[in-house]
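A quick write-up on the structure given underneath.
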Amino acid sequence: KMQRVHTDKVAEPPPGFWSNCKRIGDWVWVSGFVALDRNGDIVGPHDSQAQAHFIFSNIKHYIEAAGGKMSDVVKLNIYVTDMRHRPGVLEARRQFFSGAFPCSTLVGVTSLFDARALVEIDCTAHIGSSS
């Protein structure tokens with residue numbers, strides 16, 4: 001059965017647009033996040049590491065709300081508007097993962113929905129897989 005996962009730590013999208021997180025059985029999908037705060041402002045407008053850290057924090061809130069932990073994340077898709085952002089993103093990633101890192105894809109894109117957004121990240125997790 002499919003469940004929509006909620007957390008009060010992250011702003012939800014307007015109804016009818018998308019779900020931030022869905023769970024089916026032990027599988028969890030977290031939508032692509034950019035570093036938007038609750039007011040709709042970009043966090044760290046010129047700082048890819050700050051943006052990635054904010055995004056990974058949001059992902060963590062959803063994974064935990066789904067009953068898992070960050071070590072249950074099996075796949076990350078990371079989009080950057082410039083490959084020069086890669087070191088900052090990878091440094092932020094090290095703050096949330098250790099040991100056997102998730103499978104990961106890093107893609108350079110020409111733009112995201114807001115010119116100040118430098119990074120977007122989505123993920124898939126299998127709850128309980130890291131226990």
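Below, all heavy atoms of this structure are taken into account, side chains as well, without hydrogens, waters or symmetry copies.
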task = Heavy atoms only: give me the nearest A66-V28 pair and the separation to one decimal.
result = CB-CG2, 3.7 Å

ask   = Which atoms form the tightest heavy-atom contact between V73 and P102, and what is the distance?
value = O-CB, 3.4 Å

task = Please round to the nearest 0.5 Å and tell me the distance separating atom CG of D72 and atom CG of D26.
result = 9.0 Å

ask   = What distance separates H85 NE2 from D82 CG, expressed to the nearest 0.5 Å?
value = 4.5 Å

request  = Identify, with sequence neighbours excluded, every residue that meets ring pair (Phe, Tyr, Trp, His ring centres under 6.0 Å) alongside F56.
outcome  = F96, F97

request  = First locate atom CD of Q3, then atom CZ of R23, and finally report the distance between them rounded to the nearest 0.5 Å.
outcome  = 6.5 Å

request  = With sequence neighbours excluded, tell me which residues meet side-chain contact (heavy atoms from CB on, under 4.5 Å) with E12.
outcome  = R4, H6, N20, Y62

message = Restricting to non-hydrogen atoms, name the atom on V89 and the atom on A52 that form the minimum distance, rounded to 0.1 Å.
response = CA-CB, 3.9 Å

key: Same apolar cluster: L76 and V34, side chain cutoff 4.5 Å   = no

request  = Rounded to the nearest 0.5 Å, what's the gap from CG on N58 to SG on C21? Could you check?
outcome  = 11.5 Å

task = Would you give the length of the straight line joining atom NE2 of H53 to atom CG of D47, rounded to the nearest 0.5 angstrom?
result = 11.0 Å

ask   = Which pairs count as side-chain hydrogen bond (donor to acceptor under 3.5 Å, both in side chains) when at least one residue sits in residues 29-46, sequence neighbours excluded?
value = none

query = Can you list the residues that meet the salt bridge (Lys or Arg N to Asp or Glu O under 4.0 Å) rule with K60, with sequence neighbours excluded?
reply = E64

ask   = About how many Å separate CD of Q49 and CZ of F54, when rounded to the nearest 0.5 Å?
value = 15.5 Å

ask   = Should L106 and L118 be counted in the same cluster of Ile, Leu, Val, Met, Phe, Trp and Tyr side chains packed under 4.5 Å apart?
value = yes

key: E120 side-chain N/O to N77 backbone N/O, donor-acceptor pair under 3.5 Å   = no

task = Could you check W27 against I127 for side-chain contact (heavy atoms from CB on, under 4.5 Å), going step by step and ending with a plain yes or no?
result = CA-CA 6 Å; W27 286 97; I127 304 302; over 6 Å; no

key: Residue list, side-chain contact (heavy atoms from CB on, under 4.5 Å) with F17, at least two apart or on another chain   = P14

query = Short question: side chain of T7, backbone of K9 - any donor-acceptor pair under 3.5 Å?
reply = yes

query = Partners of T105 by side chain to side chain donor-acceptor pair (under 3.5 Å), sequence neighbours excluded?
reply = K75

